[in-house]
Amino acid sequence: MDFRVRIIEWLAEQTGLPQEQLAEWLEVPPQPELGDYAFPCFRLAKTMRQAPPKIAAGLAEKAPLDLDWLEKIEAVGGYLNFFVNRASFISRAVSAVLHADAPLAQSDEGQGKNVIVEYSSPNIAKPFHVGHAFTTILGHALYKIYDRLGYNAIRMNHLGDYGTQFGKLIVAYRLWGDEAALVKEPIKELLRIYVLFHDEAKDKPELEQQAREAFRKLEAGAAEEIDLWKRFKDLSLKAFNTVYERLGVSFDYFYGESYYSDKIPDVVKLLREKQILTESEGAQVVMLDEYDLPPCIILKSDGTTIYASRDLAAVLFRDQTWSFERNIYVVGMPQALHFRQVFSVLEKAGVEAAKRCVHVGFGLVKFPDRKLSTRSGHVVFLEDLLQESVDKTLEIIRKNDQLRQADMSEAEMRQVAEKIGIGAIVYTFLKNGRERDIVFSWDEMLDFDGDSAPYVQYTYARARSILRKAGHDDTAADAGLAELMLLDSDDEFALAKLIDGFPAAVSKAAYAYEPYMIVRQVTSLARAFNKYYNQTSILKTEDPALRRARLALLQAVCKTINSGFELTGIEVVERM
RNA sequence: GUCUCGGUGGCCUAAUGGAUAAGGCAGCAGUUUCCGGAGCUGCUGAUACGGGUUCGAUUCCUGUCCGAGACGCCA
């Protein structure tokens, strides 16, 4: 039973307003003392020609107080406040979670619908730095969320594996490449010659010309150039995979930019047919004045393609292949204009799929002192950040292990440190609205207090520890509904509300492409639980029925935390 | 110059146009013979500035100031 739905039904009866409308207006009061649900009557004032407080008072008088699940209805100011029966609410919320056989918040709303999530998309031959962490972590979370909602979510890694930069690499490798170094540390070696190329090119402009020629040959299908390019690509992918594995990230397709190379003539043909392709300063462009946007270049003046044309080809290809419900681009905010242009070109060409494409932007990872730049080599490698975090975690675990004489094995400590260290990093990228810039700071990234993954993981581990000590059986829901009705304290009620609100948080997160909404829900739950067990002794509960009920509540808390973290790519641990 | 975002306590962040603006960090004061102190309790402290719309504005419109980003042959 859904208390919210019942209240909406009742309100619909009383006011004659449609349920959808009421559902939108019904809210949760800012303070629990005010009630559990609240209906603001201000909007009714005009049509009912009454002051809001009067409307609220009138509705309160009609309250059906004979219901067992409803405690009381109060009119306060212009609000109609509903108080549900706590024991009833708590028992149903806990029971629902424990008896669910599907993952929490799972739904079938996405049944049979394809959603493409394009994310990570690193450039081949360039280091995987902290800037790539954002798209990788955010994209992965969005994939998990849509997957949970029943969509057929497709993970797409749009590799940066094409363009003049590869001409540069080919030329550089022929001049200065070190085969042994390439095998040993491919990214470092490729970066080395790439930087070297730019240094040398300052004095020898003919290098740039050679690079363009090499890329032209690559595009034309010259065997030697293709072999080298493939080699660079394979080695880079191998290196990226170690980071992906650590983050628990994987993909369904690695269709990089090169994949769309031969599909671009069709794009040009389409735009010509629609007569929207015009020549400007030697280049082929689509004018977008009616959208208040600058022109979008489709073919450069030398006739070669550009990233916009590849993105256009990708949309057409994806829609033909998957008839996507939504095509999501998890790409940084600086490229917002580019995507508006691409989507607008498609719309102008009458491609209906354009409306189902969405750019999910995110902020920049900035450094307080220096600028992030691949060429200068001033980057923080994601691998190093992860390792630093794991190392710090391991140190803390070691210290605690001695302090508590917990006797964890070396292997277990390492395993746990990996999950917590990685989780801490993932959490910092997902805890706030995605469009915020992140100013990189080691201190903040490695702060394990307060709002952080380790805080939540710690809470989870504590709860699991209590369940273990109680000899609680996870597989069976020990307490029945009658026993769960014994739970009615403020803290228990607060926990039940947070557990109950979890599915709503998931769907809101999906709708807004904002995983932080889930992260916050889970963190609030962890905080509420910390507060609870710090002042209520679970194991020492005298009444055996109440004790069982409390253990069941703990289990529901654990299940919800675990379920929420699963959606973000963070793992929980039994001990830490 | 044009456009797009953003400006919330010392710092980082949250709040479908609604009630006393929420959380974390830092600071201060407590807290461990009792389920694990990466914890818990308490205190201090904020909507850049001026107009406007509204019964009601952190939220919407407008102007100013400040910051970031984007602005045709890179991605």
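Within every chain, numbering begins at 1; the chains are lettered A, B, ... in the order of the sequence lines, protein sequences first and strands thereafter.
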What is the separation between atom [atom1] on [X] and atom [atom2] on [N], rounded to the nearest whole Å?
X: A/D437; N: B/U4; atom1: CG; atom2: P; result: 18 Å
X: A/R340; N: B/G69; atom1: CZ; atom2: P; result: 19 Å
X: A/M333; N: B/G67; atom1: CE; atom2: C1'; result: 15 Å
X: A/L525; N: B/G39; atom1: CG; atom2: P; result: 16 Å
X: A/E27; N: B/A19; atom1: CD; atom2: P; result: 8 Å
X: A/Q535; N: B/C40; atom1: CD; atom2: P; result: 12 Å
X: A/Y533; N: B/C40; atom1: OH; atom2: P; result: 8 Å
X: A/F339; N: B/C71; atom1: CZ; atom2: P; result: 13 Å

Would you mind classifying the nucleic acid contact of [X] as base, sugar-phosphate or nothing, using non-hydrogen atoms under 4.0 angstrom?
X: A/L403; result: nothing
X: A/S121; result: nothing
X: A/R310; result: sugar-phosphate
X: A/P29; result: base
X: A/T536; result: base
X: A/E281; result: base

(message) Walk along nucleotides 23-34 of chain B from 5' to 3' and tag each nucleotide B, S or - by protein heavy-atom contact under 4.0 Å, base first, then sugar-phosphate.
(response) SSS--------S

(message) Between the side chains of A/K508 and A/E514, is the shortest nitrogen-to-carboxylate-oxygen separation below 4.0 Å, so that they form an ion pair?
(response)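 Answer for the salt bridge query: no.
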
(message) Any salt bridge linking A/K392 with A/E395? Criterion: basic side-chain nitrogen under 4.0 Å from a carboxylate oxygen.
(response)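 A salt bridge is absent here (no side-chain N lies under 4.0 Å from a carboxylate O).
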
Give the nucleotide from the list [options] with an atom nearest to the side chain of [X].
X: A/I397; options: B/C35, B/A38, B/G39; result: B/A38
X: A/P334; options: B/A75, B/G69, B/A38; result: B/G69
X: A/R462; options: B/A75, B/A38, B/G37; result: B/G37
X: A/L539; options: B/G69, B/C35, B/A14; result: B/C35
X: A/K469; options: B/U16, B/C35, B/U8; result: B/C35
X: A/K531; options: B/C73, B/C12, B/U41; result: B/U41
X: A/Y455; options: B/A38, B/A19, B/C40; result: B/C40

In whole Å, measure the gap between the [atom1] atoms of [N] and [M] for me.
N: B/C65; M: B/G50; atom1: P; result: 15 Å
N: B/G45; M: B/A22; atom1: C1'; result: 14 Å
N: B/U47; M: B/A21; atom1: C1'; result: 8 Å
N: B/C73; M: B/A14; atom1: P; result: 34 Å
N: B/A75; M: B/A70; atom1: P; result: 16 Å
N: B/G17; M: B/C74; atom1: P; result: 42 Å
N: B/C3; M: B/G10; atom1: C1'; result: 34 Å
N: B/U13; M: B/C34; atom1: P; result: 41 Å

Within the distance-only criterion (no hydrogens, no angle test), does the side chain of [X] pair as donor or acceptor with the backbone N or O of [Y] below 3.5 angstrom?
X: A/S524; Y: A/R520; result: yes
X: A/Q21; Y: A/P18; result: no
X: A/R547; Y: A/L539; result: yes

Look at [X] and [N] and indicate whether a side-chain polar atom (N or O) is within less than 4.0 Å of OP1 or OP2.
X: A/R468; N: B/C35; result: no
X: A/R436; N: B/C5; result: no
X: A/Y516; N: B/A15; result: yes

(request) Mark yes or no for a side-chain to base donor-acceptor pair under 3.5 Å between A/Y458 and B/A38, with no hydrogen or angle criteria applied. (result)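 Absent.
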
(request) Examine the base of B/U54 for any acceptor or donor lying under 3.5 Å from a partner atom in the side chain of A/R43, and report the outcome as yes or no. (result)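 It does not, because no donor-acceptor pair links the side chain of A/R43 to the base of B/U54 below 3.5 Å.
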
(message) Considering only residues two or more places apart or on different chains, which pairs with a residue in residues 19-47 of chain A satisfy ring-ring contact (aromatic ring centres under 6.0 Å, His included)?
(response)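 Residue pairs passing ring-ring contact (aromatic ring centres under 6.0 Å, His included), neighbours aside: A/F42-A/Y79.
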
(message) Both distances below 3.5 Å, Watson-Crick or wobble geometry, any strand: find the nucleotide opposite B/C74.
(response)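 Pair assignment: B/C74 / none.
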
(request) Pick out which of A/Y513, A/F339, A/Y329 makes a ring pair (Phe, Tyr, Trp, His ring centres under 6.0 Å) with A/H359. (result)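 Of the listed residues A/Y513, A/F339, A/Y329, the ring pair (Phe, Tyr, Trp, His ring centres under 6.0 Å) partner of A/H359 is A/F339.
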
(request) Please identify each residue that fulfils salt bridge (Lys or Arg N to Asp or Glu O under 4.0 Å) with A/D443, with sequence neighbours left out. (result)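 Partners of A/D443 by the salt bridge (Lys or Arg N to Asp or Glu O under 4.0 Å) criterion come out as none, since no residue qualifies.
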
(request) To the nearest 0.5 angstrom, please state how far the CD atom of A/Q19 sits from the CD1 atom of A/I8. (result)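 Reported to 0.5 Å precision, the distance equals 7.0 Å.
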
(message) Both A/I466 and A/A526 contact RNA chain B. Taking the nearest nucleotide for each, which residue is further toward the 5' end?
(response)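 Its nearest nucleotide being more 5', the pick is A/I466.
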
(request) Identify, between A/I420 and A/L337, the residue whose nearest nucleotide on RNA chain B lies closer to the 5' end. (result)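 Its nearest nucleotide lies further toward 5', so the answer is A/I420.
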
(message) Is it the case that the side chains of A/N530 and A/Y458 hold a donor-acceptor pair, with the cut-off being a distance below 3.5 Å and no angle test?
(response)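 On atom types as modelled, these side chains do not qualify, holding no pair under 3.5 Å.
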
